[in-house]
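Report on the following structure.
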Amino acid sequence: MRGLRYFVQVARAGSVSRASTILNVAQPALSRQLMKLEEELGVSLLVRHGRGVRLTRAGSSLLEHANAVLRQVDQIAELVRAPETSFAGHVVLGVPPAAGLLIAPVVVEILRERWPHASITVREGISTSLEEWLLDRRLDLAILYNAPPLDGIVLTPILHERMVVAGPASEVEMSGRSIRWRDLSSLPLILPSLPHSNRRLIEQAAIQRSAHLDVVFEVDSVTMTKAMVKRGLGWTILAHAAVAAEAERGEMTVRVIDRPPLISTVSIGMPMETQSRSQSQELFQVVRGVMIERVAAGVWYGAKVVDDYVR
């Protein structure tokens, strides 16, 4: 553990001498710990140069996993020391961009009140990144769109969302009208690249409907995609909630996909080994409750709770 902590600090500082100052550890002792770690692993982790150090490929891989390991070790210590009535560990939530804006502030506010001694981290990413982080146990819980089965992860569908086609404001007179799959072929589309969860869903549906998609650009960022659509570079297919604000301001055109509709499933994913823990169950219930409340309040446009959804 000491070797890992020292390695992480050196990697962050980019220099053994700077890390030595931060850690208040003599530089020779720090160097010895790093050499011992490299000997134990049988790989070179750092390349020394005149201005400091840089990570090797093995070092980059270790840094990614070391952060997760050290976080888990710290969490164990906090759990042991914490009163039984209050969770005082560390929680990491993973959220997609649009859904994160809708629920993350409310979730954090509730958790801060319930667990005043806990530390909370919120990580934003596209669903494929969130799936990877969840599998690597870098997240305690993630909100996922159209997630495939994941090894060791329990997926609980919470909401269904209707997907819409969003275009530039110059087509605003078309807003509110539905669009059929056969008409999508006439639109230049800006979609995320595979294996993005939305792209998987769209491609599978298009194949089933024998629809041709004219993808002119592949962009994985929702924010960047919307910016390109606003400039008239193409159309995109997103969950209604992701473009509702722009549609209300008249910045984008929104058309509902019809005959049949394109439905996106929003699930909560959690590691199987943590699901039975009381704090994990409480975390799940808080996130699920906020998601359902956002739908009931009309804030999560185009979404329905799974149990209430009628195709």
- Any luck finding a side-chain donor-acceptor pair between E161 and Y301 under 3.5 Å? no
- Message: Can you confirm whether more than 12 heavy atoms, excluding those of R48, are under 6.0 Å from its CZ atom?
- Response: yes
- Task: For K226 and S221, indicate whether the former's side chain and the latter's backbone hold a donor-acceptor pair under 3.5 Å.
- Result: no
- Query: Looking at CD1 of I202 and CD1 of I207, how far apart are the two atoms once the value is rounded to the nearest 0.5 Å?
  - Reply: 12.0 Å
- Query: Is there a donor-acceptor contact under 3.5 Å from the side chain of T236 to the main chain of I190?
  - Reply: yes
- Under the 3.5 angstrom rule, does the side chain of E38 hit a backbone N or O of L45 as a donor-acceptor pair? yes
- Message: Under a 3.5 Å threshold, yes or no: a donor from one side chain and an acceptor from the other, between Q279 and W115?
- Response: no
- Query: In this structure, are over 12 heavy atoms from other groups packed under 6.0 Å from E109 atom CD?
  - Reply: no
- Query: Counting only N and O atoms by type, is there a donor-acceptor contact under 3.5 Å from the side chain of W181 to the main-chain atoms of A206?
  - Reply: no
- Which atom pair, heavy atoms only, marks the closest approach of F284 to I158? CZ-CD1, 4.4 Å
- Item | More than 12 heavy atoms of other groups within 6.0 Å of E113 CD | no
- Criterion side-chain contact (heavy atoms from CB on, under 4.5 Å) on D214 and L189, from CA distance to verdict: CA-CA 6 Å; D214 180 18; L189 294 175; 5.7 Å; no
- May I ask you to decide if G302's main-chain N or O and R162's side chain share a donor-acceptor pair within less than 3.5 Å? no
- Query: Looking at NZ of K36 and CZ of R2, how far apart are the two atoms once the value is rounded to the nearest 0.5 Å?
  - Reply: 8.0 Å
- Message: Taking P195's backbone N and O only, do any of them form a donor-acceptor pair with R200's side chain (distance below 3.5 Å, no angle check)?
- Response: yes
- Message: How long is the straight-line distance from OG of S170 back to CZ of R231, given to the nearest 0.5 Å?
- Response: 13.0 Å
- Query: In Å and rounded to the nearest 0.5 Å, what is the CD to CG distance from Q33 to L4?
  - Reply: 10.5 Å
- Between R18 and A13, is there a donor-acceptor pair closer than 3.5 Å when you use the side chain of the first and the backbone of the second? yes
- Message: side-chain contact (heavy atoms from CB on, under 4.5 Å) for S185 and L213? Distances and angles first, verdict last.
- Response: CA-CA 5 Å; S185 60; L213 300 179; over 6 Å; no
- Query: Is the count of non-hydrogen atoms from other residues, nucleotides or ligands lying under 6.0 Å from R288 atom CZ greater than 12?
  - Reply: no
- Query: If you take all heavy atoms of A241 and L102, which pair is closest and at what distance?
  - Reply: CB-CD1, 4.1 Å
- Message: So does N146 get a backbone contact from the side chain of S197, meaning a donor-acceptor N/O pair under 3.5 Å?
- Response: no
- Message: Set out, in order, the CA-CA distance, both residues' side-chain angles and the distance that settles salt bridge (Lys or Arg N to Asp or Glu O under 4.0 Å) for R199 and E218, then state yes or no.
- Response: CA-CA 10 Å; R199 182 65 180 272; E218 292 187 328; 2.9 Å; yes
- May I ask whether W133 and Y145 are part of the same hydrophobic cluster, defined by side-chain heavy atoms of I, L, V, M, F, W, Y residues being less than 4.5 angstrom apart, directly or through others? no
- Task: State, with a plain yes or no, whether a side-chain heavy atom of L55 is found less than 4.5 Å away from one of L62.
- Result: no
- L144 side chain near V266 side chain, heavy-atom distance below 4.5 Å: no
- Heavy-atom closest pair (M228 atom, V219 atom, distance to 0.1 Å) is SD-CG2, 3.6 Å
- Please assess V290 against I110 for the test side-chain contact (heavy atoms from CB on, under 4.5 Å), listing each intermediate value before the final yes or no. CA-CA 9 Å; V290 171; I110 293 172; 3.7 Å; yes
- Message: Please evaluate residues V95 and V122 with respect to the criterion side-chain contact (heavy atoms from CB on, under 4.5 Å), reporting the C-alpha separation (whole Å), side-chain torsions for both, the decisive distance (0.1 Å), and the verdict.
- Response: CA-CA 7 Å; V95 296; V122 179; 3.8 Å; yes
- Message: Using 0.5 Å steps for rounding, measure from the OG atom of S31 to the CG atom of L46.
- Response: 9.5 Å
- Query: What pair of heavy atoms forms the shortest contact from G234 to P168, and how long is it?
  - Reply: O-CD, 3.9 Å
- Message: Tell me if a side-chain donor or acceptor on T56 pairs with a main-chain N or O of S44 at a distance below 3.5 Å.
- Response: yes
- Task: List the steps, then state whether side-chain hydrogen bond (donor to acceptor under 3.5 Å, both in side chains) holds for D140 with T274.
- Result: CA-CA 8 Å; D140 296 298; T274 67; over 6 Å; no
- Query: Between CD of E40 and CE of M35, what distance do you get to the nearest 0.5 Å?
  - Reply: 12.5 Å
- Message: Under 4.0 Å between a side-chain nitrogen and a carboxylate oxygen: does that hold for E273 and R137?
- Response: yes
- Query: Are a donor atom and an acceptor atom from the side chains of N198 and S264 found within less than 3.5 Å of each other?
  - Reply: no
- Item | Heavy-atom pair with the smallest gap, counting every atom of G125 and P97 | O-CD, 3.7 Å
- Message: Checking side-chain polar atoms at under 3.5 Å, does H196 have a donor or acceptor matched by the opposite partner on S127?
- Response: no
- Note: P260 and I257 closest approach over all heavy atoms is O-CG2, 3.9 Å
- Judged by atom type as modelled, is there a donor-acceptor pair below 3.5 Å linking the side chain of T265 to the main-chain atoms of H160? no
